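FYI, the numbering just counts along the sequence from 1. This one's a predicted model, so the numbers in the text were calculated from it and none came from an experiment.
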Amino acid sequence: SVLLLRACLALLASPVYLLNFLGIWEPFCRKVFFPFILDKICVAHDKKSKKHKQELFRNLPDFKGPSGQLRLLEIGTGGGSNFQFYPAGCKVTCTDINPHFQESLSKNMKKNQHLHFERFLVAAGEDLGQVPSGSVDAVVCTLVLCSVHSVSSTLREVLRVLRPGGAFYFLEHVAAEHSSWRYFWQQVCYPTWKLIFAGCCLTRELWKNLEEAKFSELKIQHISLAMPWMPIEQHIVGYGVK
């Protein structure tokens, strides 16, 4: 039944599959579609997750470095929807594998002048070689680990760039319970969803990757954020300390 429904969904999305076969979809998605649709999704997701993000980032000032300043690196910054939750005076380095978020990123930078924006790096989460080891106090990653090529490699890079005592903050959608209808529909949507939404994987059990990473302290909370007509209700939120 999963394979049959996947085929039906692929038929409905056949124009996208055709464009992908012709090599047109990937550059169009990266430059036009994904920045546009992600901006719309983030508006809806931020409304649902606002209280969770406020609580999550509440203790960011506790991780200031010896200089008294907080040096923060965000992986997969996108349009910068998290800026509003960072404490005043925070020094922010933005990274994203996709450089085509300039419009919404510039808008959010202007709206959040309580922050010091240091630089923007075009970099994948698995390869943050432009960031020196042990150079940041906090790393933030929201709705990004679903689409990195390697979660374990990304977490190794997170631990490398963090100073000892620094923290990694995350909020990610994850696989539903395997016995649930939500997981069934995640399996149905998986191939087409991954193609349309730039590699986003619906069925990753990211809490397992975090538990396997070498954090000295790890706090994970499983929450539900209902997104109408979207198979990404189950989320995890928390932070890990190096």
Engineer: Does any part of the side chain of Leu210, heavy atoms only, come nearer than 4.5 Å to the side chain of Phe168, both counted from C-beta?
Structural biologist: yes
Engineer: Is the backbone of Cys201 close enough, under 3.5 Å, to the side chain of Lys194 for a donor and an acceptor to pair up by distance?
Structural biologist: no
Engineer: Hey, are Arg182 and Glu233 close enough for a salt bridge, meaning a charged N less than 4.0 Å from a carboxylate O?
Structural biologist: yes
Engineer: List, by chain and number, the other hydrophobic cluster members for Val188, where Ile, Leu, Val, Met, Phe, Trp and Tyr join if side-chain heavy atoms come within less than 4.5 Å, directly or indirectly.
Structural biologist: Val2, Leu5, Trp181, Phe184, Trp185
Engineer: Can you name the side-chain hydrogen bond (donor to acceptor under 3.5 Å, both in side chains) partners of Lys107, sequence neighbours left out?
Structural biologist: none
Engineer: What is the minimum heavy-atom distance between Tyr17 and Thr192, and which atoms define it?
Structural biologist: OH-OG1, 2.9 Å
Engineer: Using modelled atom types and a 3.5 Å cut-off, is there a donor and acceptor pairing between side-chain atoms of Gln186 and backbone atoms of Pro231?
Structural biologist: yes
Engineer: Report yes if some heavy atom in the side chain of Leu70 is under 4.5 Å from a heavy atom in the side chain of Pro61; otherwise report no.
Structural biologist: no
Engineer: Under 6.0 Å from the CD atom of Glu177, do we count more than 12 heavy atoms belonging to anything else shown?
Structural biologist: no
Engineer: Rounded to the nearest 0.5 Å, what's the gap from CG on Leu73 to SG on Cys94? Could you check?
Structural biologist: 8.5 Å
Engineer: With sequence neighbours excluded, tell me which residues meet side-chain hydrogen bond (donor to acceptor under 3.5 Å, both in side chains) with Gln234.
Structural biologist: none
Engineer: Table please: side-chain donor-acceptor pairs of residues 122-140 below 3.5 Å, with sequence neighbours left out.
Structural biologist:
unit_1	atom_1	unit_2	atom_2	d
Glu126	OE2	His149	N	2.5
Glu126	OE2	Ser150	N	2.9
Asp127	OD1	Gly129	N	3.4
Ser133	OG	Arg160	NH1	3.0
Ser135	OG	Pro132	O	2.7
Asp137	OD1	Arg71	NH2	2.9
Asp137	OD1	Arg163	NE	2.6
Asp137	OD2	Arg71	N	2.7
Asp137	OD2	Arg71	NE	3.1

Engineer: Please tell me whether His45 and His173 form a close aromatic pair, meaning their ring centres lie under 6.0 Å apart.
Structural biologist: no
Engineer: What are the two closest heavy atoms between Leu159 and Ala213, and how far apart are they?
Structural biologist: CD1-CB, 4.5 Å
Engineer: Which heavy-atom pair separates Leu225 from Ser49 by the least distance, and what is that distance?
Structural biologist: CD1-CB, 3.8 Å
Engineer: Has Asn108 got a side-chain atom pairing as donor or acceptor with Gly79's backbone, closer than 3.5 angstrom?
Structural biologist: yes
Engineer: Could you check whether any side-chain heavy atom of Val241 comes within less than 4.5 Å of a side-chain heavy atom of Phe63, counting everything from C-beta outward?
Structural biologist: yes
Engineer: Go through the structure and list residues passing side-chain hydrogen bond (donor to acceptor under 3.5 Å, both in side chains) with Lys53, not counting sequence neighbours.
Structural biologist: Asp46, Asn82
Engineer: Determine yes or no for a side-chain-to-main-chain donor-acceptor pair under 3.5 angstrom, with Thr93 supplying the side chain and Arg119 the backbone.
Structural biologist: no
Engineer: Apply ring pair (Phe, Tyr, Trp, His ring centres under 6.0 Å) to His222 and list each qualifying residue two or more places apart in sequence or on a separate chain.
Structural biologist: Trp207
Engineer: Considering only heavy atoms from C-beta outward, does the side chain of Phe170 approach that of Val144 to under 4.5 Å?
Structural biologist: no
Engineer: Only pairs at least two apart or in different chains count here, so list each ring pair (Phe, Tyr, Trp, His ring centres under 6.0 Å) that has a residue in residues 88-117.
Structural biologist: Phe83-Phe117
Engineer: Do Ile223 and Leu56 share a hydrophobic cluster, counting only Ile, Leu, Val, Met, Phe, Trp and Tyr and linking them when any side-chain heavy atoms are less than 4.5 Å apart?
Structural biologist: yes
Engineer: Can you sort out the partners of Glu172 under salt bridge (Lys or Arg N to Asp or Glu O under 4.0 Å), two or more places apart, ordered by chain and number?
Structural biologist: none
Engineer: Please check if the side chain of Glu26 supplies one atom and the backbone of Gly23 the other of a donor-acceptor pair under 3.5 Å.
Structural biologist: no
Engineer: According to a hydrophobic-cluster definition based on side-chain heavy atoms being under 4.5 Å apart (Ile, Leu, Val, Met, Phe, Trp, Tyr only), do Ile232 and Leu38 belong together?
Structural biologist: yes
Engineer: Kindly work out whether a path of hydrophobic side-chain contacts (I/L/V/M/F/W/Y, heavy atoms less than 4.5 Å apart) joins Ile75 to Met109.
Structural biologist: no
Engineer: Are Ile37 and Trp193 connected in the hydrophobic side-chain network, where two residues link if heavy atoms are under 4.5 Å apart?
Structural biologist: yes
Engineer: Backbone N or O of Glu74 within a donor-acceptor pair of the Thr95 side chain at under 3.5 Å?
Structural biologist: yes
Engineer: Closest approach of Val174 and Ile236, non-hydrogen atoms and distance?
Structural biologist: CG1-CG1, 3.8 Å
Engineer: Please check if the side chain of Gln113 supplies one atom and the backbone of Lys110 the other of a donor-acceptor pair under 3.5 Å.
Structural biologist: yes
Engineer: Do any N or O atoms from the side chain of Ser106 and from the backbone of Glu103 form a donor-acceptor pair under 3.5 angstrom?
Structural biologist: no
Engineer: Start with the C-alpha gap between Leu218 and Tyr239, add the side-chain angles, then the distance that decides, and say whether side chain to side chain contact (heavy atoms under 4.5 Å, CB included) holds.
Structural biologist: CA-CA 6 Å; Leu218 182 63; Tyr239 67 92; over 6 Å; no
Engineer: Same cluster or not: Ile196 versus Phe21, using hydrophobic residues (I, L, V, M, F, W, Y) connected whenever any side-chain heavy atoms lie under 4.5 Å apart?
Structural biologist: yes
Engineer: Kindly compute the distance separating CG (Leu162) from CD (Glu157), expressed to the nearest 0.5 Å.
Structural biologist: 11.0 Å
Engineer: Please tell me if the side chains of Glu55 and Arg58 come closer than 4.5 Å, counting only heavy atoms from C-beta onward.
Structural biologist: yes
Engineer: With Phe57, which residues qualify under ring pair (Phe, Tyr, Trp, His ring centres under 6.0 Å), at least two apart?
Structural biologist: Tyr86, Tyr169
Engineer: Report yes if the distance between the aromatic ring centroids of Trp25 and Phe28 is under 6.0 Å, otherwise no.
Structural biologist: yes
Engineer: Identify the heavy atoms of Pro87 and Leu60 that sit nearest to each other, and give their distance.
Structural biologist: CD-CD1, 3.8 Å
Engineer: Can a donor-acceptor pair be found, under 3.5 Å and without considering hydrogens, that links the side chain of Arg6 to the backbone of Gln187?
Structural biologist: yes
Engineer: Between the main-chain N or O of Leu145 and the side-chain N or O of Arg204, is there a donor-acceptor pair closer than 3.5 Å?
Structural biologist: yes
Engineer: Quick one, His235 and Leu171 - any side-chain contact, counting heavy atoms below 4.5 Å?
Structural biologist: yes
Engineer: Could you report the tightest heavy-atom contact between Phe120 and Asn98, atom names first, then the distance?
Structural biologist: CZ-O, 4.3 Å
Engineer: Under the salt bridge (Lys or Arg N to Asp or Glu O under 4.0 Å) rule, collect the residues that match up with Lys208, sequence neighbours excluded.
Structural biologist: Glu205
Engineer: What pairs with Asp39 under side-chain hydrogen bond (donor to acceptor under 3.5 Å, both in side chains), at least two apart in sequence or on another chain?
Structural biologist: none
Engineer: Share the residues that join Tyr183 in a hydrophobic cluster, the rule being Ile, Leu, Val, Met, Phe, Trp or Tyr side chains under 4.5 Å apart at the heavy-atom level.
Structural biologist: none
